[in-house]
2 protein chains.
Amino acid sequence: MSDSPSLDPVQLGAYFDLIEVTSLLRHAVEQQLRESGDLSYVQFQLLARLGDSPTGSHRMTDLADGVVYSRSGLTYQAGLLEKAGLVVRAPSPDDERSVTVTITDAGRALLAKVLPGHIEVVSGLLFEPLSRDDVKTLAGLLAPVREHMRSTPPRSAAPRRRKDGA
Amino acid sequence: MSDSPSLDPVQLGAYFDLIEVTSLLRHAVEQQLRESGDLSYVQFQLLARLGDSPTGSHRMTDLADGVVYSRSGLTYQAGLLEKAGLVVRAPSPDDERSVTVTITDAGRALLAKVLPGHIEVVSGLLFEPLSRDDVKTLAGLLAPVREHMRSTPPRSAAPRRRKDGA
DNA sequence: AGCGCGATGTTCGAATTCGAAGCAGTACAC
DNA sequence: GTGTACTGCTTCGAATTCGAACATCGCGCT
């Protein structure tokens, strides 16, 4: 099948370290968020994305896609956040079938409360052993990868190949 | 509390891209593994670690620690893998309380069957937009971070590893 | 030797996650 | 205008995940 199905030792090391580093980082961050604001990582990501938006709101699908989450999972999490008063859900003006999620003041407050500790963890774990230039280099390497991944197969490549004319 | 715990835009970008890239990669890999060998990512990681070991075996705790997983979760997964005939569990000769997990021939076979596709996905998604030097640079950046994270105590409680002689 | 402390793995209950199926709303061809 | 396909979100059931409580074993201390 494939010609040479093996990675360089260097590639392998980079891949493993990538997975391991993010696993550890995620784990540490998760604990900090839980302690400081009773939030899961996904919930924090959602609030952060909403808070970062100019309008403070996003569509459900865009949120799910942004944080790489299943639709149903997002419905569940949005319900939790709404019940906690951190976001509000409302039908979209344009598309009646869309639901627009908007962060509330309480949501922004919680985000602000949690953020310093979060940043502290990330700084202490991820950026501690990296110089300023290192970080710049890292960012410069990851950005194209992110672009590439985002533009390759959007998220569904094999349900039905109806319109495979492209 | 602290002075001004905010991250540079560059740091922030690197952090977000890191999370996003691994999320997307993990997702893609997970699907490939599910289709090609009916394995979850954790199961694959466990088999890979066992297959990579000179003895083909590891203690439960070391496995859990290695893949950043909870003990109880590992018990569950080990049970699944054992039921599928991919690994064997046996009490350790030295420590009667330890359980040694060993990969079976079937496990190695499945690993070998799944690996090419796995590597293909990783190559196509992660390494495609990176040159050889880029990968080398990336590996050089991540390795120290990994070391740092591994050697840093988990903030509050500290289930330390055995006091290693080093 | 006896005792307590730490380490190891498992069980248990609760929370989360995902995919498939279902329900609306929208676009588009005819 | 009507029918069909497609998108966006939710419900539902099943599988996984974690932390806390539990039983056991090993080790150091007196």
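Labels below follow one simple rule: chain letters A, B, ... track the order of the sequence lines, proteins then strands, and each chain is numbered from 1.
Between A:Gly73 and B:Thr100, the residue anchored closer to the 5' end of DNA chain C is B:Thr100, taking for each the nucleotide with the nearest heavy atom. Between A:Glu96 and A:Arg34, the residue anchored nearer the 5' end of DNA chain C, judged by the nucleotide with its closest heavy atom, is A:Arg34. Each of A:Leu74 and A:His27 has a nearest nucleotide on DNA chain D; the 5'-most of these lies closest to A:Leu74.
The nearest whole Å value for the distance from the OH atom in B:Tyr41 to the P atom in C:dC18 is 16 Å. When the P atom of D:dA15 is taken as reference, atom CD of B:Gln43 falls 13 Å away, rounded to whole Å. Put simply, NZ on A:Lys83 is 12 Å from C1' on C:dA15, counting in whole angstrom units. Between the CD atom of B:Glu30 and the C1' atom of D:dT17 there is a distance of 13 Å, rounded to whole Å. Going from atom CZ of A:Arg59 over to atom P of C:dG25 covers 16 Å, rounded to whole Å. Taking atom CG of B:Leu81 as the reference point, atom P of D:dT16 lies 11 Å away to the nearest angstrom. Between the CG atom of B:Leu80 and the C1' atom of D:dA14 there is a distance of 13 Å, given to the nearest Å. For the pair A:Asp65 CG and C:dC18 P, the computed distance is 13 Å after rounding to whole Å.
Side chain of B:Ser53 to main chain of B:Arg49: no donor-acceptor pair is present (N/O by atom type, distance under 3.5 Å, no hydrogens or angles). Under a 3.5 Å cut-off, the side chain of B:Gln77 and the backbone N or O of B:Gln43 do not form any donor-acceptor pair.
When each of C:dT17, D:dC9, D:dC18 is scored by its nearest atom to the side-chain atoms of A:Tyr69, the top-ranked nucleotide is C:dT17. Side-chain atoms of B:Ser72 lie closest to C:dT11 of the nucleotides C:dT11, D:dC25, C:dT16. Across D:dT11, C:dT17, C:dT10, the shortest atom-to-atom separation from the side chain of A:Val42 is found for C:dT17. Looking at the side chain of A:Thr61, the nearest of the listed nucleotides C:dC18, C:dT8, D:dG8 is D:dG8. Closest contact between the side chain of A:Arg97 and the listed nucleotides D:dT16, C:dT17, D:dT7 involves D:dT7. For A:Thr75, whose side chain is taken as the heavy atoms from C-beta onward, the closest listed nucleotide among D:dG19, D:dA15, D:dT10 is D:dT10.
Within 6.0 Å of CZ in A:Arg132 there are 12 or fewer heavy atoms belonging to other residues, nucleotides or ligands.
To the nearest 0.5 angstrom, A:Met60 atom CE is 5.5 Å from A:Arg89 atom CZ. Considering CG of B:Leu86 and CG of B:Leu80, their distance stands at 9.5 Å, rounded to 0.5 Å. Distance OG/A:Ser57 to CG/A:Asp62: 10.5 Å, rounded to 0.5 Å.
Contact between the side-chain N/O atoms of B:Gln77 and the OP1/OP2 oxygens of D:dT17 is found at a separation under 4.0 Å. Remark: B:Arg71 is not in phosphate contact with C:dT10, judged by side-chain N or O atoms under 4.0 Å from OP1 or OP2. OP1 or OP2 of D:dT10 has at least one side-chain nitrogen or oxygen of A:Arg89 nearer than 4.0 Å.
Heavy atoms of B:Leu63 sit nowhere under 4.0 angstrom from any nucleic acid atom.
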